Amino acid sequence: MRTSLRTIGALVRRALNEIVRVPGAAIPGVLAPTIFMLGLSSVFGAADELRGFTADDFRTYIVPVGLLQGAGFTGAATGVNLARDIEGGWFDRLLLCPAPRLTLLLGIVGSAALRGLLPATFLFLVAMALGVPFPGVDGLILAILLIAGLASAMAFFSVSVALRFRTQQAAPLMQIASFSAILFTTAYAPKELLTDWLRAIATINPVTHVLEGVRQGFVADVTWGETWPALLAIAGMLALFGAVATRGLRRFGT
Amino acid sequence: MIRASVALARRALLNALRRPQFLAPLVIFPTFFLAVNVGGLSRTTDLPGFPQVDGFLDFQLGAAIVQSLLLGGVSAGIAVALEIEGGFFDRLAASPIPRISIVAGRLLAAGAIALGQIIYFLILGLIFGASIKGGVLGVLIVMVIGVLAGIGFGAVGVLLALKARNASTVQGIFPLVFVVLFISSAFFPRNLLSSPADVIADYNPLSYVADGLRDPIISTVSAAPVLEGIAAAGGIALVFSGLAVLALRGRLGNA
């Protein structure tokens with residue numbers, strides 16, 4: 001158990017070292033969610049005047065979307081990085097080390113959970129500087145949990161894709177999946193204001209619950225009624241995508 | 001010069017068509033954005049000050065086209081940067097063709113790809129219920145402005161590639177595509193943008209390109225936005241093509 005934890009820690013440190021040693025590669029992923037938040041609130045800010053809109057201003061409403069976008073991008077980047085390691089032969093050498101494959105998978109995904117907090121922190125600080133209300137300590141802790149959870153779930157998904165296609169050319173598939181999962185929700189407006197088809201998708205999309213879980217602290221108070229569906233949705237996605245990725249890793253190279 | 005330019009354009013086009021995985025994102029991402037914007041914000045057409053439109057999809061079609069064309073510019077830049085990294089560009093420069101053909105060929109290909117992108121979005125819009133109020137003339141105007149803009153954005157990409165000389169740097173400007181879009185009237189009417197985006201949008205040529213593309217879709221053709229759109233797209237194409245040619249001369253002079 002202790003050896004496994006050390007292996008996971010080493011893999012997490014390797015992924016975090018990439019941020020410090022190759023910052024140029026990390027900067028677009030860190031900046032993009034903030035650019036989206038600022039851009040969307042400048043462009044569509046007048047939407048908060050619509051009857052039925054449930055926040056005082058559009059920027060506050062859209063901040064949680066940016067926080068989850070950062071998590072989604074990070075999850076997708078984890079898959080792209082794995083595909084790069086597969087193409088370069090590094091992953092084959094990793095598989096030769098005497099560690100259970102599940103440990104290797106948890107190391108790769110664990111790094112995504114931490115890296116997902118980097119764009120979120122930057123965006124959160126910019127949002128606070130622009131006057132977005134503080135979500136409260138409970139809202140902030142819940143947001144951190146959900147962001148790390150979503151980054152992990154998307155990383156499990158992207159890792160499955162990387163293990164299946166074994167090439168970085170599959171990157172758009174990973175990015176589009178995370179992009180759609182987050183935006184085909186109540187990202188721009190409450191469910192009542194969405195068109196019928198988007199409302200139907202948002203209703204069955206588990207990320208809607210995650211988004212509303214993060215959003216509650218920003219637009220109102222944190223309640224258990226909004227919290228448990230978010231936690232359940234994250235747990236479900238982690239279980240499902242984790243199982244698929246584990247299966248993909250077991251089959252890899254056999 | 002024309003024969004060499006056309007031959008290089010054909011080569012660039014064939015290269016692009018043989019790698020659809022690089023072409024697909026040019027339309028996939030804007031399509032997703034179009035769907036999300038329309039699905040999430042269709043009620044905004046009820047806001048006071050919003051122009052008279054049949055639906056938010058009609059209004060957003062122009063934005064999707066501009067976004068797609070900007071991504072096309074990034075893609076053209078990456079293609080040139082990869083040729084520089086791989087050494088093909090140096091062999092091309094050593095061949096007995098006018099140097100201007102190297103840039104002209106790439107931009108002709110960018111224009112042809114832009115035409116494909118415009119047709120894709122117009123058909124997509126028609127399938128999902130948009131109407132093109134300007135009729136056949138309106139479609140032709142959209143194509144003219146779009147192709148000019150596609151060439152212009154392609155020239156920006158080529159210029160960046162010639163200056164940066166590596167694909168990852170050109171790829172790094174991807175977020176900037178959204179920055180310039182967000183400070184234009186591509187996604188929303190200028191009078192409804194928040195400050196300071198509304199002021200910046202007045203000076204952003206992309207606003208005029210987007211308005212020129214949008215006008216024939218949401219209303220009968222009116223002279224002012226169309227002419228401004230042609231002038232803005234043509235201006236971008238002219239200025240950045242010139243700068244790309246100068247950058248090529250500078251690069252070959254330094255080599």
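What you see is a predicted model; the values in this text were computed from it and never measured. Within every chain, numbering begins at 1; the chains are lettered A, B, ... in the order of the sequence lines, protein sequences first and strands thereafter. Heavy atoms only: backbone and side chains are in, while hydrogens, waters and symmetry mates are out.
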Item to complete: Would you mind reporting whether A:I176 and B:F32 have side-chain heavy atoms less than 4.5 Å apart?
Response: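 When only atoms from C-beta onward are counted, A:I176 and B:F32 do touch, with a gap below 4.5 Å.
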Fill in: Validation row: A:F44, B:L41 side chains within 4.5 angstrom (heavy atoms)
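A:F44 reaches B:L41 side chain to side chain.
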Enclosure of [X] [atom1] (heavy-atom neighbours >12, cutoff 6.0 Å):
X: B:R11; atom1: CZ; value: yes
X: B:R190; atom1: CZ; value: yes
X: B:F88; atom1: CZ; value: yes
X: B:K163; atom1: NZ; value: no
X: A:D92; atom1: CG; value: yes

Worksheet item: Heavy-atom distance under 4.5 Å to chain A: side chain of B:A201, backbone, both or neither?
Response: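 Neither; nothing under 4.5 Å.
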Worksheet item: Between B:L193 and chain A, which part of the residue has a heavy atom less than 4.5 Å away: side chain, backbone, both or neither?
Response: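 Interface part for B:L193: both.
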Discussion item. Between A:L31 and chain B, with a heavy-atom cut-off of 4.5 Å, which part of the residue counts as in contact: side chain, backbone, both or neither?
Written reply: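 Answer is neither: A:L31 stays 4.5 Å or more from chain B.
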Rounded to the nearest 0.5 Å, how far apart are [atom1] of [X] and [atom2] of [Y]?
X: B:F182; Y: A:F36; atom1: CZ; atom2: CZ; value: 5.5 Å
X: A:L198; Y: B:N37; atom1: CG; atom2: CG; value: 10.5 Å
X: A:L40; Y: B:F188; atom1: CG; atom2: CZ; value: 11.5 Å
X: B:S194; Y: A:D48; atom1: OG; atom2: CG; value: 8.0 Å
X: B:S42; Y: A:L50; atom1: OG; atom2: CG; value: 9.0 Å

Worksheet item: Between A:A46, A:G45, A:P190, A:S41, which shows the greatest number of heavy-atom pairs under 4.5 Å with chain B?
Response: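 Max contact count across the listed options: A:A46.
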Worksheet entry | Minimum heavy-atom distance between B:R43 and A:E192, given as atom pair plus value |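 Heavy atoms only, the tightest pair is NH2-O, 3.4 Å.
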Item to complete: List the atom of A:A189, the atom of B:G40, and the distance in Å for their closest heavy-atom pair.
Response: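 Taking A:A189 first and B:G40 second, the nearest heavy atoms are CB-O, 3.5 Å.
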